Number of protein chains: 2
Amino acid sequence: MPSDVPTRRPPGYDPRDHPPFAVTVDLVVLTVRDDVLQVLLVRRGEEPFAGCAALPGGFVRPGEDLAEAAARELAEETGLHAAPAHLEQLASYGRPGRDPRMRVVSVAHLVLAPGLAEPHPGGDAAGARFVAASEVLAGAPALAFDHAGILRDGVERARAKLEYSALGTAFCADEFTVADLRAVYQAVWGVPLDPRNFHRKVTGTPGLLTPTGGSTARGGGRPAALYRRGPAAQLWPPILRPAS
Amino acid sequence: MPSDVPTRRPPGYDPRDHPPFAVTVDLVVLTVRDDVLQVLLVRRGEEPFAGCAALPGGFVRPGEDLAEAAARELAEETGLHAAPAHLEQLASYGRPGRDPRMRVVSVAHLVLAPGLAEPHPGGDAAGARFVAASEVLAGAPALAFDHAGILRDGVERARAKLEYSALGTAFCADEFTVADLRAVYQAVWGVPLDPRNFHRKVTGTPGLLTPTGGSTARGGGRPAALYRRGPAAQLWPPILRPAS
DNA sequence: CCAAAAGTGTTTGATTTACACCCATGG
DNA sequence: CCATGGGTGTAAATCAAACACTTTTGG
């Protein structure tokens with residue numbers, strides 16, 4: 001079908017070739033709180049979708065790279081100042097009509113943050129809060145634009161990367177126990193994991209954990225050794241696999 | 001550092017918030033020919049980088065979705081009409097200054113095509129040809145813009161996905177033998193694989209191959225059974241792993 | 001018959017799984 | 001002492017690598 005299109009002209013500066021696009025970044029910020037995978041949502045203050053829940057995000061500014069814009073929006077909209085444990089580009093969404101105002105291409109980013117992080121909405125968003133991802137995926141608070149699809153892709157990416165990378169530790173605070181890390185995997189995958197085998201596996205993976213020497217005692221039970229994120233040189237073979 | 005910026009204003013339609021961007025798609029088209037992983041390059045006809053090698057690509061048009069634009073550019077610039085075996089979004093690149101003319105965000109796509117495909121350059125590109133990926137990665141023909149980095153990301157993605165998906169078959173023609181598929185894996189990974197174990201593994205993976213019943217004899221040796229791409233329902237566990 | 005490539009069987013070692021068991025603390 | 005969770009040992013099952021061997025063609 002492209003052969004009978006009369007517009008096969010050389011690429012140049014004809015405005016028909018590069019119509020004005022707006023470029024935004026949207027953020028899928030995930031954390032694990034109370035043993036549940038949660039996603040950061042804001043309440044939109046303006047049309048379209050005013051009052052509706054949405055992923056945090058905003059326009060990319062003239063001098064900014066995409067990742068830079070994502071980091072700025074994260075700080076601006078949520079007050080999560082501490083460097084997030086992990087920020088990576090997710091995918092871009094540019095379906096015509098996804099924003100009723102104009103042609104917008106959104107470059108979505110995935111952020112994994114420790115559960116401690118408490119958002120206090122900055123200037124832009126009327127409200128920012130963590131909500132259980134499972135509920136949002138089920139449609140509980142409906143999301144603006146095509147953010148439901150973006151969230152789905154982000155959760156899927158997180159689940160997949162946990163399997164063959166050291167990213168699970170990105171959900172943990174600076175110091176954490178093996179049980180903390182196991183809670184992360186269980187929350188993200190939604191499956192129970194054997195504590196004994198989990199312990200052996202993560203402590204036996206070179207580069208994943210760095211022991212701090214300290215230990216902690218929470219409630220009854222033997223104190224657990226504390227660890228920090230390791231250099232995680234070795235990604236393969238898979239760290240762990242969700243239950244068969 | 002974002003806290004002392006005096007521009008924390010609500011997002012709206014202030015043109016400073018959404019300056020004009022151009023949005024393009026760039027294509028990393030990979031194939032396996034003569035047991036070597038190759039990438040499709042075009043020669044740029046215009047400034048900037050006139051005469052320089054580059055990845056095929058072009059501007060996204062007003063009514064088009066991103067994947068649509070990628071498919072159109074593929075057909076226009078290379079004449080590869082047959083539906084490619086696989087097309088997926090790779091990543092977006094928007095560093096300020098990556099295009100000297102204006103602010104351009106490029107949404108790169110990854111295309112895996114059978115080795116048969118012979119490009120005959122369409123209207124736009126002055127020339128299109130397949131070049132060994134290893135040479136381009138080494139800098140042999142220097143690429144325009146930041147296309148070297150995009151290519152690196154594309155090859156890395158292809159290598160990774162071959163391991164845990166059925167994508168290897170995307171490089172094969174409609175009907176192919178197990179040896180053809182093995183040649184693909186060896187070319188992409190650059191490692192030799194045991195023919196016996198490879199055979200057992202791929203024929204034993206449900207959904208990967210559909211036997212056609214036919215067989216082929218090339219040169220001396222026992223004829224090989226022919227297969228078609230299967231539904232590939234099961235992606236995990238990893239199909240294969242590059243040599244340890 | 002011989003060479004060459006396709007395909008099967010078998011052996012060996014690594015990895016995963018399941019679970020018995022010991023360790024260290026609070027109450 | 002006992003409950004609770006942290007951590008180690010071990011045996012069975014599963015999987016992967018190496019390779020001997022059989023099958024089916026062309027010359």
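Each chain gets a letter, A, B and so on, in the order its sequence line appears, and its residues count up from 1. Keep in mind the model is a prediction, meaning the values are calculated, not measured.
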Between A:N197 (CG) and D:dA13 (C1'), how many Å, whole number? 13 Å
If the condition is ring-ring contact (aromatic ring centres under 6.0 Å, His included), which residues does B:F145 pass it with, not counting sequence neighbours? B:F49, B:H147
Side-chain N,O (A:H199) to OP1/OP2 (D:dG6) below 4.0 Å: no
Set of residues satisfying ring-ring contact (aromatic ring centres under 6.0 Å, His included) with respect to A:H109, sequence neighbours excluded: none
Of the candidates D:dC19, D:dG9, C:dT16, the side chain of B:R200 sits closest to D:dC19
Send over the distance from A:L193 CG to C:dT16 C1', rounded to a whole Å. 13 Å
For A:F176 and A:R228, work out which heavy atoms get closest and say how close. CE2-C, 3.8 Å
What pairs with A:R152 under side chain to side chain donor-acceptor pair (under 3.5 Å), at least two apart in sequence or on another chain? none
Heavy-atom donor-acceptor pair, A:T31 side chain to A:G115 backbone, under 3.5 Å: yes
Rounded to the nearest Å, what distance is computed from the CG atom of residue B:D180 to the P atom of nucleotide C:dA5? 13 Å
Atom pair CD/CG of B:E77 and B:L27 - distance to nearest 0.5 Å: 7.5 Å
Remember a base hit wins even if backbone is also touched, and classify B:R218 as base, sugar-phosphate or nothing at under 4.0 Å, heavy atoms. nothing
For atom CG of A:D35 and atom P of D:dG5, their distance in whole Å: 12 Å
In whole Å, what is the span from the CZ atom of B:R182 to the P atom of D:dA17? 15 Å
Sidechain N-carboxylate O distance under 4.0 Å for A:D146, A:R98: yes
Using a cut-off of strictly less than 4.0 Å between a heavy atom of the residue and any atom of DNA chain C, enumerate the qualifying residues of residues 168-176 of chain B by number. none
Set out, in order, the CA-CA distance, both residues' side-chain angles and the distance that settles side chain to side chain donor-acceptor pair (under 3.5 Å) for B:Y93 and B:D153, then state yes or no. CA-CA 11 Å; B:Y93 301 82; B:D153 293 346; 2.5 Å; yes
Protein-proximity profile, nucleotides 21-26 of chain C, B/S/- by nucleotide at the 4.0 Å heavy-atom cutoff, equals B-BBBS
If you only use heavy atoms from C-beta on, which nucleotide in C:dC19, C:dG7, C:dA6 is closest to the side chain of B:A179? C:dA6
Separation of C:dT8 P from B:K201 NZ (nearest whole Å): 16 Å
Between atom CG in B:D194 and atom C1' in D:dC19, what is the gap in whole Å? 8 Å
Holding to side chain to side chain donor-acceptor pair (under 3.5 Å), I want the full list of residues that pass it with B:R159, two or more places apart in sequence or in another chain. none
